[in-house]
Every structure is written in C-alpha cells, then in structure tokens.
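Taking it in order: structure first as structure tokens, then the write-up.
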Amino acid sequence: MFGKCCHTHLPGRRAIPTDAIFKNVHHRFVGKKVSVAFSLIYTFTDDIGGSQTGKKEGVYYDVDITLVLDKTVTIDIRRNPDYYGNVGFTLWNANAGKGVHGVTVTTDGFNATSDANGKVRLSIPIEHQKPEFQATASVPLQTNTLTMPCDDNGVILVE
C-alpha cells in the first residue's frame, strides 16, 4: 500500500462520495507508474445498532487504472446511476389490503403516478440522487422515507 484512501463525510448527512483520495503517498513512490484496482467497501450500522462491513454491489463501478503517483492522488469514482436513480415501490392501503392507484407521488421535485396496482416508478437523474428521499403525495402518507436502493418490493403506507 502506497497511501491511505479516505473520503469526506459531512456531519449529519449521508454523503455519496465521488472520489477516492490517497494522501501522504510515501516519497519513494512519488513519480512512479502504478496500477490501482479497488472496490468500495462500506461500514454501516445494522438494524440492531451493530457495525457491519461489506461490499454493496452495484453502488459504484469497480476501479482498475494505471497512473503516476504524486504526494496526494485523487481518483474519480463513478456511481452506477441505476442504484440510486431507479426508484420503485407500492403505495399500499393496509386497511383495504391493496395498492392505491392514481395517486401522484413527488420526491425532490420528480413526480410519478401510481398504476392500477399501486406501483410507482421514478427515474432520478444522477445529479439529484442521494441515499434517502422523502416522498409526498396527493393523499396522506403514514410513511414517507425512501431508502435507496428502493426497488419494486418497497412499500409506502397511505393513511
């Protein structure tokens, strides 16, 4: 290892990193041509408050490049736009036991209308993507947080 990789985390906000920064590269490696390959590994808190580490498949594309080292090296990392951008869920009425159709749902200014089964699908452009969204709708919602990835198995309850 020629340096330590880190990224910036903003307090109180779940940041989506866009680069890997290797700081304090040892002087004997500066100016050398190297191959760098890595995958992003996350540490996250599970549902019972424990810390887990693992690779989240599909969030970022793996990196495999050749470069010349400097004292600090920044490598752009690219997110897979589908991971945070394709939002799907069902608007569900628990009392009626079925999906709610014809409801307009908005998240961060993007709108979609639920189909006959209550399914909602939104496509969020990459510049607006984030790990979590708040939804509003033309009917009152019991829950409104969408945590990405949010595929067709997700549910938002209506009142």
Side-chain angles (χ1 to χ4, degrees), residues 1 3-23 36-65 72-159:
M1 179 79 148
K4 183 178 181 184
C5 177
C6 60
H7 74 272
T8 304
H9 177 73
L10 304 173
R13 183 174 170 205
R14 293 172 65 187
I16 300 174
T18 58
D19 52 29
I21 302 170
F22 294 85
K23 295 181 178 182
V36 177
F38 66 88
S39 297
L40 291 149
I41 306 295
Y42 287 83
T43 300
F44 54 93
T45 303
D46 62 24
D47 292 339
I48 56 174
S51 184
Q52 303 283 330
T53 299
K55 183 175 180 180
K56 283 185 162 180
E57 293 293 335
V59 179
Y60 291 91
Y61 294 111
D62 290 342
V63 174
D64 188 358
I65 63 170
T72 298
V73 177
T74 301
I75 299 173
D76 291 334
I77 53 178
R78 292 185 319 135
R79 288 185 288 130
N80 178 344
D82 293 338
Y83 190 85
Y84 287 111
N86 292 331
V87 180
F89 57 90
T90 301
L91 277 180
W92 189 257
N93 183 324
N95 293 329
K98 63 180 184 177
V100 181
H101 66 80
V103 174
T104 300
V105 178
T106 303
T107 181
D108 281 24
F110 298 95
N111 302 318
T113 301
S114 59
D115 68 14
N117 298 315
K119 297 280 187 192
V120 177
R121 289 182 182 81
L122 287 160
S123 182
I124 308 292
I126 197 163
E127 64 272 11
H128 296 282
Q129 294 175 11
K130 54 189 177 181
E132 199 169 87
F133 294 98
Q134 300 301 311
T136 58
S138 55
V139 299
L141 303 174
Q142 283 184 354
T143 56
N144 70 337
T145 300
L146 300 168
T147 302
M148 302 309 295
C150 187
D151 59 21
D152 287 338
N153 295 320
V155 173
I156 288 187
L157 298 173
V158 299
E159 291 185 0

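Just so you know, these numbers come straight off a predicted model, no measurement behind them. Heads up: numbering here begins at 1 and tracks the sequence.
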Those residues that, when tested against Thr106, pass side-chain hydrogen bond (donor to acceptor under 3.5 Å, both in side chains) (two or more places apart):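 With neighbours one apart ignored, the set is Asn111.
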Nearest heavy-atom neighbours spanning Arg121 and Ala112: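 Shortest heavy-atom separation between Arg121 and Ala112 comes out as O-CB, 3.4 Å.
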Check Leu146 against Ala135 and note the closest heavy-atom contact, atom names and distance.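 Looks like CD1-CB, 4.3 Å.
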Pairing residues for [X] by the side-chain contact (heavy atoms from CB on, under 4.5 Å) criterion, not counting sequence neighbours:
| X | answer |
| --- | --- |
| His128 | Phe110, Ile124, Pro125 |
| Thr145 | Glu132, Gln134, Thr147 |
| Ser123 | Asn86 |
| Pro140 | Glu159 |

For residues 137-159, pull every pair meeting ring-ring contact (aromatic ring centres under 6.0 Å, His included), keeping only residues two or more places apart or in separate chains.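 Qualifying pairs: none.
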Can you run down the salt bridge (charged side-chain N to carboxylate O under 4.0 Å, His left out) pairs that involve residues 88-105, sequence neighbours left out, and say none if there aren't any?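 Every pair satisfying salt bridge (charged side-chain N to carboxylate O under 4.0 Å, His left out) with a residue in residues 88-105: there are none.
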Run the side chain to side chain contact (heavy atoms under 4.5 Å, CB included) test on Val87 and Thr107 for me, step by step, so that the C-alpha distance in whole Å, both residues' side-chain angles and the decisive distance to 0.1 Å come before the verdict. CA-CA 10 Å; Val87 180; Thr107 181; 5.7 Å; no
Within the structure provided, determine whether Ile21 and Thr72 are in side-chain contact (heavy-atom separation under 4.5 Å).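 Contact flag for Ile21/Thr72 side chains = yes.
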Answer yes or no: is there a side-chain heavy-atom contact under 4.5 Å between Phe89 and Val105?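 Side-chain contact under 4.5 Å: yes.
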What's the separation between atom CG in Asn144 and atom CZ in Phe133, rounded to the nearest 0.5 Å?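 That separation rounds to 13.0 Å.
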Residues 113-120, side-chain donor-acceptor partners within the protein, below 3.5 Å, at least two apart:
from   : atom 1 : to     : atom 2 : distance (Å)
Ser114 : OG     : Val100 : O      : 2.8
Ser114 : OG     : Gly102 : N      : 3.1
Ser114 : OG     : Val103 : N      : 2.9
Asp115 : OD1    : Asn117 : N      : 2.8
Asp115 : OD1    : Gly118 : N      : 3.1
Asp115 : OD1    : Lys119 : N      : 2.9
Lys119 : NZ     : Thr90  : OG1    : 3.2
Lys119 : NZ     : Asp152 : O      : 3.2

